[in-house]
Amino acid sequence: DGLEKWFWPFLLAQNVSNLLYVALALFPGARAGGVGLVSAVITLEEFASGLGTAVLMVCLMRVCKREHKAAHFALLTALMSISFTFAGAVSGFLATALGYAGFFFVTFVATWPMMLLASKLSFRVDS
């Protein structure tokens, strides 16, 4: 159905799924539900993450200028990689300092500036 229709549902699925981890951390009884419940949360979050990543990759491909598409896409994905590397380097320290519920809530809130920027995107295809 196209990027314009699925952009926000997929992006929100990716970001809101972090709140599932907040719920697991806040309600010890949920973890007592066993491996099945925790596995279901992880599976759902991974699926949602894949949806969000796919829609963001398509979006990146669309904003690249046609004559420099390969170079622009390489630079943009490199910038994404830097952010992943930085997040991976500090996430353990943040989780220790904030606790798991606080950490996953911060990861949810940290997506808001990106979503604000995404709301300004044009979904046109550059020809």
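In the hydrophobic cluster analysis, where Ile, Leu, Val, Met, Phe, Trp and Tyr join through side-chain heavy atoms closer than 4.5 angstrom, L3 is grouped together with M114. Residues V109 and L117 do not share a hydrophobic cluster, clusters being chains of Ile/Leu/Val/Met/Phe/Trp/Tyr side chains in contact below 4.5 Å. Residues F105 and F93 are members of separate hydrophobic clusters, defined by side-chain heavy-atom contacts under 4.5 angstrom among Ile, Leu, Val, Met, Phe, Trp and Tyr. Linking ILVMFWY side-chain heavy atoms closer than 4.5 Å, directly or via other members, places W8 and W112 in a single hydrophobic cluster.
Judged as a side chain to side chain donor-acceptor pair (under 3.5 Å), and not counting sequence neighbours, S17 has no contacts.
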Report task. Give the intermediate values and the outcome of side-chain contact (heavy atoms from CB on, under 4.5 Å) for residues V22 and F108. Result -> CA-CA 10 Å; V22 173; F108 171 70; over 6 Å; no
Query raised in the report: What's the verdict on side-chain contact (heavy atoms from CB on, under 4.5 Å) for L11 and F7, showing C-alpha distance, side-chain angles and the deciding distance?
Result: CA-CA 6 Å; L11 199 60; F7 183 81; 3.7 Å; yes
Requested in this report: Carefully, step by step, assess V106 and F103 under the rule side-chain contact (heavy atoms from CB on, under 4.5 Å).
Outcome: CA-CA 5 Å; V106 166; F103 171 74; 5.7 Å; no
Report task. Any chance you could lay out the side-chain contact (heavy atoms from CB on, under 4.5 Å) test for S83 and L79, step after step, and finish with the verdict? Result -> CA-CA 6 Å; S83 67; L79 287 172; over 6 Å; no
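A distance of 11.5 Å separates CG in L12 from CZ in F10, rounded to the nearest 0.5 Å. The CG atom of L20 lies 9.5 Å from the CG atom of L37; values are rounded to the nearest 0.5 Å. A distance of 8.5 Å separates CG in L51 from CD in Q14, rounded to the nearest 0.5 Å. To the nearest 0.5 Å, the span separating CG on L24 from CG on L19 amounts to 11.5 Å. S91 contributes atom OG, which lies 10.0 Å from atom CZ of F86 (distance to the nearest 0.5 angstrom). Atom CG in L60 sits 5.0 Å away from atom CG in L76 (nearest 0.5 Å).
At least one side-chain heavy atom of N15 sits less than 4.5 Å from a side-chain heavy atom of M115. With contacts defined as side-chain heavy-atom distances shorter than 4.5 Å, the pair M80/M57 qualifies. For the pair V55/C59, no side-chain contact is recorded, criterion being any heavy-atom separation below 4.5 Å from C-beta on.
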Show me the side-chain donor-acceptor pairs of residues 40-47 shorter than 3.5 Å, one per line, residues at least two apart or across chains.
| from | atom 1 | to | atom 2 | distance (Å) |
| --- | --- | --- | --- | --- |
| T43 | OG1 | S39 | O | 2.8 |
| E45 | OE1 | Y21 | OH | 3.4 |

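Counting all heavy atoms, side chain and backbone alike, H72 lies closest to C64 at CB-SG, 3.6 Å.
S81 places no side-chain N or O within 3.5 Å of a backbone atom of T77 that could act as its donor or acceptor partner.
Between Y100 and F104, the two ring planes are parallel [angle under 30°; tilted spans 30° to 60°].
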